[in-house]
Each structure stands twice: as structure tokens, then as C-alpha cells.
Undergrad: 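One structure, as C-alpha cells, below. Some questions next.
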Amino acid sequence: MIDRTWTLRSSLGGFAAVAAIAATAAFTPGPVAQEACMATFTPGSVRASEDAVSVLVEMSEPIGEVGMVEAQEGSGIEPGAYDAQRNSLELDTSGATAGEWEITFRGGEDMVCTGTLTVESSGR
């Protein structure tokens, strides 16, 4: 009986060691992912307005030539022209809903930069 107990423990111990080695081999870290690009707007909040609104944009990482700017669905914000020389973005906020909304810039080679802009109600 003692012999079998020792054999069972030895077998389980070996199994645990094999499982630990297999688990370690399965978790091989890949390349380190770059941090996501964050866009910061100045001012950080705008009022819903019939007039076009211009905000300055600072991106934490270069994304190349901006080909598209999108506002979060449901925001009512219509992005206009992005001026890379002045780092400014024109926005139509006439139909905007108050709240915090993501604005996404899409650049070259699938580069993306996203920031949050707050829209305050127009107070009408």
C-alpha cells in the first residue's frame, strides 16, 4: 500500500511539472503593442451651435496624413475639414447632443487616433 501511494504521488508530481512547463510554453509573450494614440482637444468642451466650431487637436502619436475624421454615432457632431498645418478641426455642432463623444482620426497604414470631446447644450 505504501508503495502505491508513493508511485501515485510521484506520477502526479511529474504530471504537475509537465503541466507547468506546458503552461509556461503556451504563454510566450509576443511583440509589445504600441500604446493607443490619444487626441486632445482645445477647448475640451464646446457648445452645440449653429455656427461652425473650431478646435485645436494634439495627437500623442503621429498617424500620417489624416484621411478621415469620424464622430461617435449618435453624437450629432459632423466633422468638417482637418487642417494638419494648424492642427485644427472644424465641427458642425448644430445637431449635436450634449455629452462626451469620441472623435476618431484615421491616418496612413491603418493608424488611428481617438479623443473625447464634450458637447454642452446650447442653452436655448
Side-chain angles (χ1 to χ4, degrees):
M1 183 78 161
I2 295 173
D3 221 298
R4 286 185 182 177
T5 305
W6 183 84
T7 305
L8 180 60
R9 285 185 184 159
S10 291
S11 296
L12 290 177
F15 176 74
V18 170
I21 292 169
T24 302
F27 180 72
T28 305
V32 176
Q34 284 186 320
E35 290 186 33
C37 176
M38 299 296 298
T40 305
F41 301 101
T42 304
S45 66
V46 297
R47 285 197 177 277
S49 172
E50 294 297 322
D51 298 323
V53 175
S54 180
V55 293
L56 295 176
V57 181
E58 183 179 334
M59 296 186 205
S60 64
E61 302 288 329
I63 64 167
E65 184 176 334
V66 174
M68 182 183 297
V69 182
E70 302 169 318
Q72 184 177 345
E73 190 174 331
S75 67
I77 300 170
E78 293 293 327
Y82 173 71
D83 184 337
Q85 296 285 344
R86 297 175 36 193
N87 293 327
S88 67
L89 174 65
E90 294 291 320
L91 300 169
D92 176 354
T93 59
S94 60
T97 302
E100 292 186 351
W101 303 101
E102 286 188 354
I103 308 292
T104 302
F105 297 83
R106 299 196 182 277
E109 298 183 25
D110 297 326
M111 299 294 289
V112 176
C113 200
T114 301
T116 301
L117 181 70
T118 301
V119 176
E120 299 173 358
S121 66
S122 62
R124 299 182 236 179

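In this text, all values refer to a predicted model and were calculated from it rather than measured experimentally.
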Undergrad: Hydrophobic clusters here meaning ILVMFWY residues chained together by side-chain heavy-atom distances under 4.5 Å, can you tell me if F105 and M111 are in one?
TA: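 F105 clusters together with M111.
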
Undergrad: Could you walk me through whether F41 and V46 pass the side chain to side chain contact (heavy atoms under 4.5 Å, CB included) test, one step at a time?
TA: CA-CA 10 Å; F41 301 101; V46 297; over 6 Å; no

Undergrad: For residues 64-76, please give each side-chain donor-acceptor pair under 3.5 Å, one per line with the distance, not counting sequence neighbours.
TA:
residue	atom	partner	partner atom	Å
E70	OE1	R106	NE	2.8
E70	OE1	R106	NH2	3.1
Q72	OE1	E102	N	3.0
S75	OG	Q72	O	2.8
S75	OG	I77	N	3.1

Undergrad: With T118, which residues qualify under side-chain hydrogen bond (donor to acceptor under 3.5 Å, both in side chains), at least two apart?
TA: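 For T118 there are no side-chain hydrogen bond (donor to acceptor under 3.5 Å, both in side chains) partners, ignoring immediate neighbours.
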
Undergrad: Nearest 0.5 angstrom please: L117 CG to T42 OG1, how far?
TA: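 The OG1 atom of T42 is 10.5 Å from CG of L117, to the nearest 0.5 Å.
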
Undergrad: Quick one: CH2 on W101 to OG1 on T116, what's the gap to the nearest 0.5 Å?
TA: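 So the gap between those two atoms works out to 11.5 Å.
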
Undergrad: What residues, two or more places apart in sequence or in another chain, satisfy side-chain contact (heavy atoms from CB on, under 4.5 Å) together with N87?
TA: Y82

Undergrad: Locate the shortest heavy-atom distance separating V119 from A48; write the atom from each residue and the value.
TA: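 Scanning both residues completely, I find the closest heavy atoms to be CG1-N, 4.1 Å.
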
Undergrad: Which heavy atom in A98 sits nearest to a heavy atom in E120, and how many Å separate them?
TA: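 Taking A98 first and E120 second, the nearest heavy atoms are CB-C, 4.3 Å.
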
Undergrad: May I ask you to test the E50-S94 pair for a side-chain heavy-atom distance under 4.5 Å?
TA: yes

Undergrad: Restricting to side-chain hydrogen bond (donor to acceptor under 3.5 Å, both in side chains), what partner residues turn up for S88, sequence neighbours left out?
TA: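 Checked S88 against side-chain hydrogen bond (donor to acceptor under 3.5 Å, both in side chains); zero matches.
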
Undergrad: Would you mind listing every salt bridge (charged side-chain N to carboxylate O under 4.0 Å, His left out) that reaches into residues 86-101, with sequence neighbours excluded?
TA: none

Undergrad: Test of understanding: with side-chain contact (heavy atoms from CB on, under 4.5 Å), list the residues that count as partners of S60, not counting sequence neighbours.
TA: C37, M38

Undergrad: Would you say the side chain of V55 lies within less than 4.5 Å of the side chain of I103, judging by non-hydrogen atoms?
TA: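 Result no, sub-4.5 Å side-chain heavy-atom pair not found.
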
Undergrad: Taking all atoms of both residues into account, what is the closest heavy-atom pair of P43 and S54, and its distance?
TA: CD-O, 4.4 Å

